[in-house]
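Contents: one structure, followed by commentary.
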Amino acid sequence: MTAESLAATFNATSREFDAVTPQVWGPAGQSLAFALELASGDAVLDVCSGTGASAIPAAAAVGPDGIVHAIDLADDLLEVGRVKATDRALRNIDFVVADATEWQPPSTVPAAGYDALACSYGIFFLPDPEQDFARLVSLVRPGGRVGVTVWRKGSVREYSGAFFDVIGRHWPASAGPAPDPTAEVDDHPIRRMETADLLGAWLTAAGTSDVRVVELSNHVPATQSFVWDFVLGSALRGALTPFDDGTRTQIRAEFSALLTERGIDSIDLGTLVATGVRMP
């Protein structure tokens, strides 16, 4: 997925993305901000920020003497974050439309670099996750902290498997093979970081030490409203691109029925929260 198509997909999600924040993005973002052990006055880079699920608690942690640069490709999501920050009277956070692969710290960041780097559910969207993230780590001062969240192996799998089964029923032949990110044989970058051991090794290879990985267990009831909001408020929305409104309505109904048929009454959103210390 190109940067442009990724931005377009997530810009389209802005309403539903924020609707599921209390159940999905919020718990992980708050957990990541706590795990980074931020201190008053810290300078933080928050990458793939969305509506600020980790950036806003980071801004609260570093206080008025600190600063958070929250960057993302999707300005519609960032605008929601700006409104949230304003509502909370947080003046130490800047939401910036920027490509993480090209970001350079502005002059407001100490010469040694950021005190912390956060990326919640975003590293697997980087064009070259290993190389791009290692570059971001290099923007953190030696001894600063680096933190990420990723889906734990098996999480969201039953839910997304049912969704893509329904998508496959309707996928137009003219659009090529139907997407199936749930396939066992899959080279998606998340497969390289979906267990505690894999993620720990991945962070170490990116230039960090003293890596800690904990699991955030989170099961959300599969209500009809949440089930569809989570599709529309996540990258899953991209699979709906070829369809008109009538077909999307049919897909929604079939998806809900298939979840019921398979006895999927809650969605496993298990997440790994990992932190490390930037090596000299």
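Numbers for residues simply follow the sequence, beginning at 1.
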remark   = In terms of heavy-atom contacts, Pro57 and Gly29 come closest through CG-O, 4.1 Å

query = CG of Asp244: more than 12 outside heavy atoms within 6.0 angstrom?
reply = yes

ask   = Can you list every side-chain hydrogen bond (donor to acceptor under 3.5 Å, both in side chains) pair that touches residues 31-40, not counting sequence neighbours?
value = Glu37-Arg212

key: Single-linkage hydrophobic cluster, 4.5 Å side-chain cutoff, Leu136 and Val140 together   = yes

Summary of salt bridge (Lys or Arg N to Asp or Glu O under 4.0 Å) pairs that have at least one residue in residues 260-273, sequence neighbours excluded = Arg152-Asp268, Asp165-Arg262

query = Is the backbone of Leu203 close enough, under 3.5 Å, to the side chain of Thr208 for a donor and an acceptor to pair up by distance?
reply = yes

query = Is Leu240 close to Val231 at the side-chain level, that is, under 4.5 Å between some pair of heavy atoms?
reply = yes

message = Can you list everything that forms a side chain to side chain donor-acceptor pair (under 3.5 Å) with Arg248? Sequence neighbours excluded, please.
response = none

Partners meeting side chain to side chain donor-acceptor pair (under 3.5 Å) with Arg278 (sequence neighbours left out) = none

message = Is it the case that the ring center of Tyr159 lies less than 6.0 angstrom away from the ring center of Phe255?
response = yes

key: Within residues 5-18 or reaching into it, pairs that qualify as salt bridge (Lys or Arg N to Asp or Glu O under 4.0 Å) - sequence neighbours excluded   = Glu16-Arg237, Asp18-Lys84

key: Close side-chain approach of Leu198 and Arg192, heavy atoms under 4.5 Å   = no

inquiry  = What I'd like to find out is whether the side chain of Thr195 reaches to under 4.5 Å of the side chain of Leu199, using heavy atoms alone.
reply    = no

task = Indicate the atoms forming the closest heavy-atom contact of Val137 with Gly207, along with that distance.
result = CG1-O, 4.2 Å

CD (Glu158) with more than 12 external heavy atoms under 6.0 Å = no

request  = Examine Val96 and Leu139 and state if one hydrophobic cluster contains both, with Ile, Leu, Val, Met, Phe, Trp and Tyr joined whenever side-chain heavy atoms are less than 4.5 Å apart.
outcome  = yes

key: Ser209: partners by side chain to side chain donor-acceptor pair (under 3.5 Å), with sequence neighbours left out   = none

remark   = With Arg82 as partner, the option from Asp94, Asp75, Asp76 fulfilling salt bridge (Lys or Arg N to Asp or Glu O under 4.0 Å) is Asp75

task = Identify, with sequence neighbours excluded, every residue that meets ring-ring contact (aromatic ring centres under 6.0 Å, His included) alongside Trp202.
result = Phe133

query = Side chain of Trp25, backbone of Val20: donor and acceptor closer than 3.5 Å?
reply = no

task = Name all pairs fulfilling the salt bridge (Lys or Arg N to Asp or Glu O under 4.0 Å) condition that reach into residues 95-107, sequence neighbours left out, sorted by first residue then second.
result = none

request  = Report yes if the side chains of Leu259 and Val227 come closer than 4.5 Å at any heavy-atom pair, otherwise no.
outcome  = yes

Residue pairs, two or more places apart or on separate chains, that pass ring-ring contact (aromatic ring centres under 6.0 Å, His included) and touch residues 207-228 = Phe226-Phe230

request  = For residues 113-124, pull every pair meeting side-chain hydrogen bond (donor to acceptor under 3.5 Å, both in side chains), keeping only residues two or more places apart or in separate chains.
outcome  = His69-Tyr114, Trp103-Tyr114, Asp115-Arg141, Ser120-Thr149, Tyr121-Thr271

key: Expected output: side-chain Asp72 to main-chain Ser49 donor-acceptor under 3.5 Å   = yes

note = Nearest heavy-atom contact between Arg135 and Ala100 is NH2-O, 2.8 Å

Side chain proximity check, Thr260 to Gln224, heavy atoms < 4.5 angstrom = no

message = If you define the side chain from C-beta out and look only at heavy atoms, does anything of Trp171 sit under 4.5 Å from Pro179?
response = yes

query = Above 12 or not: heavy atoms from other molecules or residues under 6.0 Å from CZ of Phe243?
reply = yes

ask   = Does Ser160 use its side chain to pair, donor to acceptor, with the backbone of Val156 at less than 3.5 Å?
value = yes

ask   = How does the hydrophobic cluster around Leu38 look, that is, which other residues are in it when side-chain heavy atoms under 4.5 Å mark a link?
value = Leu32, Leu36, Val44, Ile56, Val62, Val68, Leu78, Leu90, Ile93, Phe95, Val97, Val214, Leu216, Val273

query = For the side chain of Asp210 and the backbone of Val277, is there at least one donor-acceptor N/O pair under 3.5 Å apart?
reply = no

Polar contact flag, side-chain donor to acceptor under 3.5 angstrom, Thr101-Asp132 = no

note = Taking every heavy atom of Gly270 against every heavy atom of Ser155, the minimum-distance pair comes out as O-OG, 3.1 Å

message = Looking at every heavy atom in both Ser234 and Phe10, which two are closest together, and how far apart are they?
response = C-CE2, 4.3 Å

inquiry  = Once side chain to side chain donor-acceptor pair (under 3.5 Å) is applied, do any residues pair with Asp65, and if so which ones, sequence neighbours excluded?
reply    = none

